[in-house]
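Nothing fancy with the numbering, it's 1 onward along the sequence.
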Amino acid sequence: MKKKVVSILLCTAMAAAVMAGCGSSGNNASSESASSGNSSTSASSEENSAAATDGDLPILGAGIYSATDNFNSYIGRAITKASEGVFQVNVDDGQMDQSTQLNQIDTAIAKGASAIAVSVVDITAAPTIIQKCEDAGNLPLIFFNKEITDKSVVESYDNLYQVTSTGGDYGAAIQGQMILDYWSEHPEADKNGDGKIQMINIMGDPGHTASQPRSDYVKSTITDGGVEIEVLEEDTGMWDTAKAKEKMDAWISKYGDEIEFIVCANDAMALGALQSIEAAGFNTQGTESDQYIPIIGIDALPETLENIRSGEIMGSVLQDAQTQGQAIVAMAKNLIEGKEPLEGTEYEFDTDGSKAVRIPYKAVTVENVDEAAESYE
Ligand code: GAL
Ligand code: CA
């Protein structure tokens with residue numbers, strides 16, 4: 001793949017911002033550190049304060065759109081970890097509120113941030129964030145997780161880059177293939193013997209660039225693979241465990257054992273679906289259960305791996321939070337040092353004009369659960 005030639009706009013103001021960062025020792029340890037909503041560890045805040053005391057390092061103004069989002073919280077932690085010895089960083093929680101996140105970016109810039117890296121609350125706010133970085137002296141800006149798909153926005157700022165996961169299929173083609181594999185290996189999964197998969201489809205936040213494509217690609221991969229589907233119900237669970245559980249509660253009581261597959265656009269929702277059907281007596285003994293419905297998610301979160309081991313969840317598609325965090329930090333470092341964004345790294349930009357480094361998705365089942373665990377250490 002051809003690496004992008006980048007025009008580096010390292011200006012005096014940016015150098016000044018780096019200097020300002022040097023002077024602001026310790027005052028970056030705000031209380032808004034990223035913590036994972038549904039999961040339990042508090043590693044991120046400890047790591048944050050450790051990094052924040054290192055006043056000689058430049059400041060990375062980083063933020064996730066919500067700390068209640070499991071996967072985003074893991075990327076936040078990965079950024080904190082990768083920043084050790086490189087940046088002072090405090091990963092802000094945008095609390096699903098765009099004005100809160102914009103204020104956090106203003107604060108980071110006022111504190112002398114040398115670069116900004118955000119998972120934006122609302123992708124339509126990208127131009128506002130770009131303007132802030134431009135006004136602050138062309139600060140490097142890295143969007144991660146929620147891809148800015150409007151090319152005119154991406155092209156409007158030379159110092160803008162993105163870090164996401166691979167490709168136009170948003171992991172759903174892998175998910176679809178896993179369903180096909182399961183279907184051919186488990187003839188009993190066709191409970192009514194009609195050759196079709198009676199499925200439930202729990203989708204992500206409709207405002208998110210990945211939601212509709214994930215839903216479309218999982219279905220087209222299955223039908224292109226020669227298996228017909230019948231979607232019993234589909235609706236958004238907003239990436240969220242509790243919301244997915246609520247939807248599933250209604251559907252499991254309506255359809256029960258007629259459901260042959262539960263497809264979820266992420267693992268947080270797969271966990272919600274599992275809670276719901278377990279309460280209704282399904283999947284309680286994993287694959288040994290009397291009543292079983294395969295569930296599949298995306299992300300391969302640490303909190304689902306035990307359920308994958310037991311078969312309560314059939315599988316997931318890993319998004320590599322750790323490598324995404326490393327890529328974000330490596331790029332930000334290069335950019336503030338006036339280098340090409342990917343110098344000295346093995347990452348490549350996608351050639352589709354997105355200016356995105358995409359970290360590959362990977363199928364995760366009971367066979368390779370341990371590899372997934374490593375990506376979220
Ligand atoms: C997706 C991820 C979801 C959620 C979403 C939020 O990539 O699979 O779990 O984190 O991003 O932007
Ligand atoms: Ca069937």
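Of the possible donor and acceptor atoms, one in the side chain of Ser73 sits under 3.5 Å from a partner among the backbone N and O of Ala67. In this structure, the side chain of Lys146 engages the main chain of Val121 through a donor-acceptor pair within 3.5 Å. Judged by distance alone, the side chain of Asn266 and the main-chain N or O of Trp239 form a donor-acceptor pair under 3.5 Å. With hydrogens and angles ignored, the 3.5 Å screen pairs a side-chain donor or acceptor of Arg214 with a backbone N or O of Ala265. A distance-only check finds no donor-acceptor pair linking the side chain of Asn307 to the backbone of Met314 [under 3.5 Å]. In this structure, the side chain of Gln162 engages the main chain of Ile148 through a donor-acceptor pair within 3.5 Å. Judged purely by atom type and a 3.5 angstrom limit, Asn368 uses its side chain to pair as donor or acceptor with the backbone of Thr365. A donor-acceptor pair under 3.5 Å is absent between the side-chain atoms of Thr100 and the main chain of Met96, judged by distance alone.
Counting heavy atoms from C-beta on, the side chains of Asn334 and Leu342 never come closer than 4.5 Å. With contacts defined as side-chain heavy-atom distances shorter than 4.5 Å, the pair Met199/Ile259 does not qualify.
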So Gln101 and Gln104, side chain to side chain donor-acceptor pair (under 3.5 Å) or not? Walk me through it. CA-CA 5 Å; Gln101 186 176 58; Gln104 290 164 344; 5.4 Å; no
Stepwise, does the side chain to side chain donor-acceptor pair (under 3.5 Å) test hold for Asn72 with Asn70? CA-CA 6 Å; Asn72 265 247; Asn70 308 49; over 6 Å; no
Mind running ring-ring contact (aromatic ring centres under 6.0 Å, His included) on Tyr170 and Tyr361 for me, showing each step along the way? CA-CA 8 Å; Tyr170 296 90; Tyr361 286 104; 7.8 Å; no
For the pair Glu233 and Tyr255, evaluate side chain to side chain donor-acceptor pair (under 3.5 Å) and give the outcome as yes or no after the intermediate values. CA-CA 10 Å; Glu233 298 282 352; Tyr255 299 99; 2.7 Å; yes
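Checked by atom type, the side-chain pair Gln131/Asp135 shows a donor-acceptor distance below 3.5 Å. For the residue pair Ser211 / Asp205, no side-chain donor-acceptor distance below 3.5 Å is found, with atom types taken as modelled. A donor and an acceptor atom, one from each side chain of Glu312 and Ser310, are located under 3.5 Å apart. In this model, a donor atom of one side chain and an acceptor atom of the other lie less than 3.5 Å apart for Arg358 and Thr164. Between the side chains of Asn201 and Ser215, at least one donor N or O sits under 3.5 Å from an acceptor N or O. Checked by atom type, the side-chain pair Glu258/Gln198 shows no donor-acceptor distance below 3.5 Å. A donor-acceptor contact closer than 3.5 angstrom links the side chains of Asn90 and Asp92. Side chains of Asn283 and Glu278: no donor on one and acceptor on the other come within 3.5 Å.
Using a 4.0 Å cut-off between charged side-chain N and carboxylate O, Lys355 and Glu155 make no salt bridge. Salt-bridge annotation for Arg309 and Glu306: present, with a side-chain N of the basic residue lying under 4.0 Å from a carboxylate O of the acidic one. In this structure, Asp320 does not pair ionically with Lys362, as no charged nitrogen and carboxylate oxygen lie closer than 4.0 Å. We find that Lys247 and Asp240 are not joined by a salt bridge, their nearest charged nitrogen and carboxylate oxygen being 4.0 Å or further apart.
Within 6.0 Å of NZ on Lys333 lie no more than 12 heavy atoms contributed by other residues, nucleotides or ligands. The number of heavy-atom neighbours closer than 6.0 Å to CD of Glu343, taken from other residues, nucleotides and ligands shown, is above 12. Within 6.0 Å of CD in Glu228 there are 12 or fewer heavy atoms belonging to other residues, nucleotides or ligands. Other residues, nucleotides and ligands contribute more than 12 heavy atoms inside 6.0 Å of the NZ atom of Lys132.
Taking the six-membered ring for Trp, Tyr161 and Phe143 have ring centres at least 6.0 Å apart.
What you find for Asp299 and Asp267 is that their closest heavy atoms are C-OD2, 3.9 Å. Of all the heavy atoms in Leu180 and Gly225, the pair that sits closest is CD1-CA, 3.8 Å. Between Gly325 and Ala82, the shortest heavy-atom distance links the atoms O-CB, 3.9 Å.
Of the candidates Leu139, Thr128, Val120, Ile129, Ile105 forms a side-chain contact (heavy atoms from CB on, under 4.5 Å) with just one, namely Ile129.
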